[in-house]
S.K.: 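Dropping a structure here in structure tokens format, bear with me for questions.
A, B, ... follow the sequence lines: proteins, then strands. Residue 1 opens every chain.
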There are 2 protein chains.
Amino acid sequence: MTDVNAEVATLSIGEVSALTGLATHTLRFYEKEGLLPPVRRDAAGRRVFTDGDVEWLRVCGKLRSSGMPLPEIQHYAQLVREGAGNEAERFEILRKHEERVQRQVGDLQEALDIIHNKVELYARRLAAGTADALWRNGPECES
Amino acid sequence: MTDVNAEVATLSIGEVSALTGLATHTLRFYEKEGLLPPVRRDAAGRRVFTDGDVEWLRVCGKLRSSGMPLPEIQHYAQLVREGAGNEAERFEILRKHEERVQRQVGDLQEALDIIHNKVELYARRLAAGTADALWRNGPECES
DNA sequence: GCTTGACTTGAAGTCGACTTCAACTCGTAG
DNA sequence: CTACGAGTTGAAGTCGACTTCAAGTCAAGC
């Protein structure tokens with residue numbers, strides 16, 4: 001199954017942009033920054049991506065959108081490109097990032113609680129027509 | 001209870017910084033940007049904050065840390081300062097932000113799933129000593 | 001054969017939210 | 001009395017991650 005399924009799709013930068021949601025600018029930028037290995041070119045010098053590149057770019061996209069800094073993704077990408085032998089280090093990077101994202105989610109949830117309380121408070125008071133009573137004592141006293 | 005508990009603490013910018021976790025620079029910046037009403041000064045021109053200010057700054061901090069842009073917080077702060085009569089608009093701002101944060105949390109969770117899978121994958125392979133088998137077919141084929 | 005649209009490059013610009021800098025004034029402790 | 005730490009100001013600098021710009025090349029359709 002994972003064999004020489006040699007149907008290696010050849011994709012233009014525009015197609016890859018559509019598939020990954022990353023702007024063409026960004027794809028070139030990512031290549032320049034070493035997030036993916038130098039992309040092959042056709043006769044006219046245009047980039048030719050494979051579907052493997054798309055897979056990898058999707059991973060990079062998720063790492064970025066979850067807040068991993070570019071230099072760290074770059075480092076990770078380099079380790080992957082170097083091949084076997086540094087799995088422990090890659091594992092560390094991912095594990096550390098997982099923690100970071102969990103912390104992020106926790107912080108957001110905490111903020112969300114407060115915001116949601118405020119939203120509910122406003123909803124109730126607005127519904128009851130008693131919104132005026134909210135500011136007897138300084139700005140926005142809690143319920 | 002919420003009465004004339006007139007023990008209005010007078011706090012220096014440094015104390016407020018410690019209480020809110022916001023740098024003194026940031027507090028001045030927020031005042032300049034209109035996130036809080038012009039702070040009173042002592043004889044020597046130094047800012048004198050109240051505990052109400054601290055309350056409000058904590059709210060601002062949560063809005064910021066959950067990704068609300070400064071101009072939007074500023075707008076919200078202005079509405080609050082204007083007093084009664086614009087509750088519906090404030091409600092809209094908060095509700096919209098709540099949605100935004102929920103979306104953010106969702107996106108992060110999605111990324112977290114992928115990252116966690118990878119972490120687990122590495123953990124298993126490393127434990128089994130079969131990490132080498134991970135890169136038979138291009139970068140990081142999934143299990 | 002000429003326009004159109006997708007692609008190429010390197011350099012420069014943008015954005016938000018601080019952060020740092022330079023040059024000052026105070027009030028208190030030694 | 002003088003040094004120190006905390007405060008003041010406006011302006012300028014920083015940071016990351018793009019994004020935009022200028023100036024092209026190339027292949028295909030009309």
S.K.: Of the nucleotides C:dT8, D:dT19, D:dT9, which has the atom closest to the A:His25 side chain?
M.R.: D:dT19

S.K.: Report yes if at least one side-chain N or O of B:Arg47 is closer than 4.0 Å to OP1 or OP2 of D:dT8; otherwise report no.
M.R.: yes

S.K.: For a quick test of reading the model: is some side-chain N or O of B:Thr24 closer than 4.0 Å to OP1 or OP2 of D:dG7?
M.R.: no

S.K.: Going by atom types only, do A:Tyr76 and A:Arg90 share a side-chain donor-acceptor pair under 3.5 Å?
M.R.: no

S.K.: Grab the N/O contacts between the protein and nucleotides 26-30 of chain D below 3.5 Å, and write none if there aren't any.
M.R.:
none

S.K.: Below 3.5 Å is the cut-off: list the nitrogen or oxygen pairs between protein and nucleotides 11-17 of chain C, distance only.
M.R.:
| unit_1 | atom_1 | unit_2 | atom_2 | d |
| --- | --- | --- | --- | --- |
| C:dA17 | OP1 | B:Arg64 | NH1 | 3.4 |
| C:dA17 | OP1 | B:Leu70 | N | 3.3 |
| C:dA17 | OP2 | B:Leu70 | N | 3.2 |

S.K.: Taking all atoms of both residues into account, what is the closest heavy-atom pair of B:Val119 and A:Arg95, and its distance?
M.R.: CG2-N, 3.9 Å

S.K.: Between atom CD in B:Glu15 and atom C1' in D:dG7, what is the gap in whole Å?
M.R.: 12 Å

S.K.: Among side-chain atoms of A:Glu82 and A:Gln78, is any donor-acceptor pair under 3.5 angstrom?
M.R.: yes

S.K.: Kindly work out whether a path of hydrophobic side-chain contacts (I/L/V/M/F/W/Y, heavy atoms less than 4.5 Å apart) joins B:Phe91 to B:Val101.
M.R.: yes

S.K.: Give the minimum heavy-atom separation between A:Lys118 and B:Val59, together with the two atoms involved.
M.R.: CE-CG1, 3.8 Å

S.K.: Measure from CD on A:Glu33 to P on D:dT19 and round the result to the nearest Å.
M.R.: 14 Å

S.K.: Is there a side chain to side chain contact (heavy atoms under 4.5 Å, CB included) between A:Phe29 and A:Leu70 once you walk through the steps?
M.R.: CA-CA 11 Å; A:Phe29 176 67; A:Leu70 274 197; 3.4 Å; yes

S.K.: Roughly, in whole Å, what's the span from CG in A:Leu27 to P in D:dC18?
M.R.: 11 Å

S.K.: Run the salt-bridge test on A:Glu72 and A:Lys96 with the 4.0 Å N-O cut-off and return the result as yes or no.
M.R.: yes

S.K.: For C:dC7, does either OP1 or OP2 sit under 4.0 Å from a side-chain N or O belonging to A:Ser12?
M.R.: yes

S.K.: Rounding to an integer number of Å, can you tell me how far B:Arg41 CZ sits from D:dG7 P?
M.R.: 12 Å

S.K.: Would you indicate whether B:Arg40, at its atom CZ, is surrounded by more than 12 heavy atoms from other residues, nucleotides or ligands within a distance under 6.0 Å?
M.R.: no

S.K.: Contact class for A:Arg28 vs. all strands (heavy atom < 4.0 Å): base, sugar-phosphate, or nothing?
M.R.: base

S.K.: In whole angstrom, what separates B:Asp42's CG from C:dC26's P?
M.R.: 11 Å

S.K.: Please report the closest heavy-atom contact between A:Ser66 and A:Lys62, naming both atoms and the distance.
M.R.: OG-O, 2.7 Å

S.K.: Could you tell me the separation between the CD atom of B:Glu31 and the C1' atom of D:dG7, rounded to a whole number of Å?
M.R.: 13 Å

S.K.: Under 4.0 Å between a side-chain N/O of A:Thr26 and OP1 or OP2 of D:dT19, yes or no?
M.R.: yes

